[in-house]
Amino acid sequence: MDRGAVAELGTALGISTQAAQTLLADALELAYRLPTLWTRVVAGEVKPWRARKIAQATRPLSKLAAGYIDRQIAALADRGLIAADVRQT
């Protein structure tokens, strides 16, 4: 990601550059590696903060592992699942 663009996003949202970078990383993780969960967020079925916690927990995983988590957790993400549960899967 272009650091200048991230800084501009942070300024526009009233958050730090680091917070903007984390927000973008979470969005990319959801859109590209957790698409089923992302679809539920866009539909308003899962709270964004909950999906972001899952995205942060899956970021270090392989694409295959993230896909597995997406398939297993997307249907349950609105039921109080937290990132610690992802790490135990």
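Nothing here was measured: the structure is a model prediction, and the numbers come from that model. For reference, positions follow the sequence shown, starting with 1.
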Checklist entry - With side chains defined as the heavy atoms from C-beta onward, is the minimum distance between Arg52 and Thr22 less than 4.5 Å? => result yes
May I have the list of side-chain donor-acceptor pairs in residues 8-21 shorter than 3.5 Å, sequence neighbours left out?
{"from": "Thr11", "atom 1": "OG1", "to": "Ala7", "atom 2": "O", "distance (Å)": "3.0"}
{"from": "Ser16", "atom 1": "OG", "to": "Ala19", "atom 2": "N", "distance (Å)": "3.0"}
{"from": "Gln21", "atom 1": "OE1", "to": "Arg3", "atom 2": "NH1", "distance (Å)": "3.0"}

Checklist outcome for this item: For Gln72 and Leu76 the tightest heavy-atom approach is O-CD1, 3.8 Å
Next on the checklist: Run the side chain to side chain contact (heavy atoms under 4.5 Å, CB included) test against Arg59 and tell me which residues pass, sequence neighbours left out.
Outcome noted: Ala25, Asp26, Glu29, Gln56
Got a list of side-chain donor-acceptor pairs under 3.5 Å for residues 36-44, not counting sequence neighbours?
{"from": "Thr36", "atom 1": "OG1", "to": "Asp70", "atom 2": "OD2", "distance (Å)": "3.0"}
{"from": "Thr39", "atom 1": "OG1", "to": "Pro35", "atom 2": "O", "distance (Å)": "2.9"}
{"from": "Arg40", "atom 1": "NE", "to": "Glu45", "atom 2": "OE1", "distance (Å)": "2.8"}
{"from": "Arg40", "atom 1": "NH1", "to": "Ala74", "atom 2": "O", "distance (Å)": "2.5"}
{"from": "Arg40", "atom 1": "NH1", "to": "Ala75", "atom 2": "O", "distance (Å)": "3.4"}
{"from": "Arg40", "atom 1": "NH2", "to": "Asp78", "atom 2": "OD2", "distance (Å)": "3.3"}

Item to check | Residue list, side chain to side chain contact (heavy atoms under 4.5 Å, CB included) with Ala27, at least two apart or on another chain | outcome: none
Checklist entry - Which heavy-atom pair separates Ile54 from Ala77 by the least distance, and what is that distance? => result CD1-CB, 4.0 Å
Next on the checklist: Rounded at 0.5 Å granularity, tell me how far CG in Leu34 sits from CZ in Arg71.
Outcome noted: 11.0 Å
